[in-house]
Protein chains: 2
Amino acid sequence: MTTHDAQTPRSRTRSHGGSSRPTIRDIARAAGVSVATVSRVTHDDPRVAGETKDRVREAIDRLGYTPSSLGRALSYQRTNTLGIVLPGLGGPYFAALIEGAESVAVERGVAINVLGTHLRPDAVASVRQLAERTDGLIIAGGTVPDAEIARLAAAGRVVVVAGESDDAPAVLTDGRSAAAELTRHLIEVHGHRRLSFVGEPAGSPDTTLRYEGFRDALREARLDEAGEPLRYGLDVRSGALAARQVHESALPDALVCANDELAIGLLATLPGLGHRIPQDVAITGFDDQSLAEIASPRLTTVHQPVAELGARAAAGALGETLDPRTVLPTRLVIRESCGCAADPEAITD
Amino acid sequence: MTTHDAQTPRSRTRSHGGSSRPTIRDIARAAGVSVATVSRVTHDDPRVAGETKDRVREAIDRLGYTPSSLGRALSYQRTNTLGIVLPGLGGPYFAALIEGAESVAVERGVAINVLGTHLRPDAVASVRQLAERTDGLIIAGGTVPDAEIARLAAAGRVVVVAGESDDAPAVLTDGRSAAAELTRHLIEVHGHRRLSFVGEPAGSPDTTLRYEGFRDALREARLDEAGEPLRYGLDVRSGALAARQVHESALPDALVCANDELAIGLLATLPGLGHRIPQDVAITGFDDQSLAEIASPRLTTVHQPVAELGARAAAGALGETLDPRTVLPTRLVIRESCGCAADPEAITD
DNA sequence: CTGAAAGCGCTAACAG
DNA sequence: CTGTTAGCGCTTTCAG
């Protein structure tokens, strides 16, 4: 009954009655203590006495109070939240990345906040917003202009994942070497000579690297690309589209796809168009998602530790010091879509 | 120069020097105006004069100031953020749901905040946290206990998507009828008698409904289920597992799968085990993701307006009034995995 | 062991 | 047209 009816300049009707959540002040009043005491109780501060503590606890339970994380954030200058910026949420790749980050976030008690830019032009604004609401930021390569990354990195903790940056530590894989190794397999083991790349390098650093690796291998073997890359998106549907294009022009010996989903699209569509895989054309993927193993023929691809990428990045974004460039190992996974014989152990019949 | 050096009780070293972001006060000082004026400028308040405005603008640009959304949120009592609670982020279904919600969020200028509960036991705490940081909440059916939904709904705007609730408006499809219709097709058109359901009803309201619809149709036709449901998860990999189980026991006439991914897993694995689809066994999916059309044979399934579900839910969570129960229409999509002949128009050769 | 009060960044009513 | 100031919900120093 200290501060009561005498309406204050901007008397906010709310102190009593609204269905709004109770504040620390409501609890203090109900328990007959000061807000400081309530705050202490919510923090298990040992300095608050048994009887008082019980009274406060009771009031908290009765009114259903939970401290506002907004208020806390403002006071702490820390939000206990990790932000992740991705091009989109579709597909298993990003899901895995998020899960990796989540695993470390959970054990540190921080919430996660994902933003899909979808190549929207106003994405930068959203990213800035996100940056403010988080203690750290994971940014997927290609989603945010370099200048903006520099700006964000200057203001807070940011780490780039699956990409490079001069301004922030990056965690990535060596997609270029991996793609080269994969392509070499196609050339050296299977003797393919006419190879095409499927994927759109522009805008995706990952795809660019893979395309470069592909070309590295061709160059080593003194081979020419069988035409321009087939510029398609990274999803299954695009793969199906690519299949039609391939079908309508000359079929190369092998198609090196920018990721598994694209490869699956080809894999599923080409047979219906009369082309056998791998006899008529070999196909490879990249990432080693679960689809790769399910497909038939099973997909030869490159395994990437995607969840691990996410986890490392999260740790970094949350304060662990990171090398400017952490590169995680990939592994070539040979299955049958390249023309290799089925691993006898795979036929578990 | 009003409030100056006289160190305040708790002189926070920061006002000058830290690499921290500038605050509204820094701008005010730099431009020689009051914070109110700065605030007005950031709001394009017409009341601020040309010359002053320019000075403030200049300071803002020079120091790289952006208003803290945390501070704003606290003052506005509104965060301009929409929360979405899902079981997980994997799979095209949730990606589509999010995109639907995103589309309406974007046009209203609100940020989106996704939380994957992953069936974690402490998920409730995360959800509460999220609730505080958002103006509205979209909750996927089965992710949060009913009691908690009631609690959240009492405190703020929440809408349940792909599920039901007594305490919050729901937007959903009639999965039960759709599943029944699909199953009837299998029975009446193809004459199948021994049908099994693939999916785990427990924990997923969606799956439960589909299973019930499946049984409704069997009952109408006076048929018995060909054994218990095959309890598997909703992803492709689980489908592959289910395929082995089916293979090792007796093959039914048809397998009605809880979603497309599961069906694709079966579809891709069964042929390798020596079973032709649809000759030896018919398979159907649910959702009509892009994979359904790519698969071979193409998947007979039920189309759901997933993005639309997300969009409606978002509108509701953002303040639009919603019926207690909005049910969106589904559509049976007949392709070849059920045994129907290929639509001639599909062979675009 | 507890309370008063300043301050986190911002907005808006009110006064000038 | 501009400044002062209380207040949003919370934490924490400093007194008592």
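Residue numbering restarts at 1 for every chain, and letters A, B, ... go by the order of the sequence lines.
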Distance-only, no hydrogens or angles: does the [X] side chain make a donor-acceptor pair with backbone N or O of [Y] under 3.5 Å?
X         : Y         : value
Thr79(B)  : Arg133(B) : yes
Thr134(B) : Leu137(B) : no
Asp54(B)  : Glu51(B)  : no

Take the protein atom [atom1] of [X] and the nucleotide atom [atom2] of [N], then report the distance between them rounded to whole Å.
X         : N       : atom1 : atom2 : answer
Asp45(A)  : dT13(D) : CG    : P     : 11 Å
His43(A)  : dG9(D)  : NE2   : C1'   : 12 Å
Glu132(A) : dC10(C) : CD    : P     : 8 Å
Leu70(B)  : dC8(D)  : CG    : P     : 17 Å
Asn80(B)  : dC10(C) : CG    : C1'   : 14 Å
Arg29(A)  : dG9(D)  : CZ    : P     : 11 Å
Asp26(B)  : dG9(C)  : CG    : P     : 8 Å
Ile27(A)  : dG9(D)  : CD1   : C1'   : 12 Å

Exercise. Could you pick out which residue, Glu51(B) or Gly71(A), lies toward the 5' side of DNA chain D when each is mapped onto its nearest nucleotide?
Key: Glu51(B)
So, OP1 or OP2 of [N]: does either fall under 4.0 Å of a side-chain N or O from [X]?
X        : N       : value
Gln77(B) : dG9(D)  : yes
Arg25(A) : dC8(D)  : yes
Tyr65(B) : dC10(C) : yes
Arg72(B) : dT11(C) : yes

Quiz prompt | Ile27(A): which of Val38(A), Val41(A), Val35(A), Thr42(A) passes side chain to side chain contact (heavy atoms under 4.5 Å, CB included) | solution = Val38(A)
Quiz item: Under a cut-off of 3.5 Å for both distances of each Watson-Crick or G-U pair, what dot-bracket string does DNA chain D give, using [ ] for crossing pairs and | for inter-strand pairs?
Solution: ||||||||||||||||
Exercise. Give the intermediate values and the outcome of side chain to side chain contact (heavy atoms under 4.5 Å, CB included) for residues Leu89(A) and Ile98(A).
Key: CA-CA 9 Å; Leu89(A) 288 312; Ile98(A) 293 174; 4.0 Å; yes
Quiz item: Out of curiosity, Thr143(B) OG1 to Ile84(B) CD1, how far, rounded to the nearest 0.5 Å?
Solution: 11.5 Å
Quiz item: Which distance, rounded to the nearest 0.5 Å, do you find between the CD of Glu58(B) and the CZ of Arg55(B)?
Solution: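 If we round to the nearest 0.5 Å, Glu58(B):CD and Arg55(B):CZ are 10.0 Å apart.
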Exercise. Using the six-membered ring of Tyr76(A), assess whether NZ or CZ of Arg72(A) lies under 6.0 Å from its centre and within 45 degrees of the ring axis.
Key: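 Cation-pi check for Arg72(A) and Tyr76(A): fails.
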Self-check item: Closest nucleotide among dT2(D), dC10(C), dC10(D) to the Arg47(B) side chain
Solution: dT2(D)
Quiz prompt | Side chain of Leu74(A) - closest among dC8(C), dT2(C), dC10(C) | solution =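 The closest nucleotide is dC8(C).
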Quiz item: Can you name the nearest heavy-atom pair linking Ala168(B) to Val158(B), along with the distance?
Solution: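 Shortest heavy-atom contact: CB-O, 3.5 Å.
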Quiz item: Salt bridge or not for Asp44(A) and Arg57(A), using N-O below 4.0 Å?
Solution: yes
Practice problem: Under 4.0 Å from any atom of DNA chain C, heavy atoms only: list the residues of residues 30-42 of chain B that qualify, in numerical order. | Solution: Ala36(B), Ser39(B), Arg40(B)
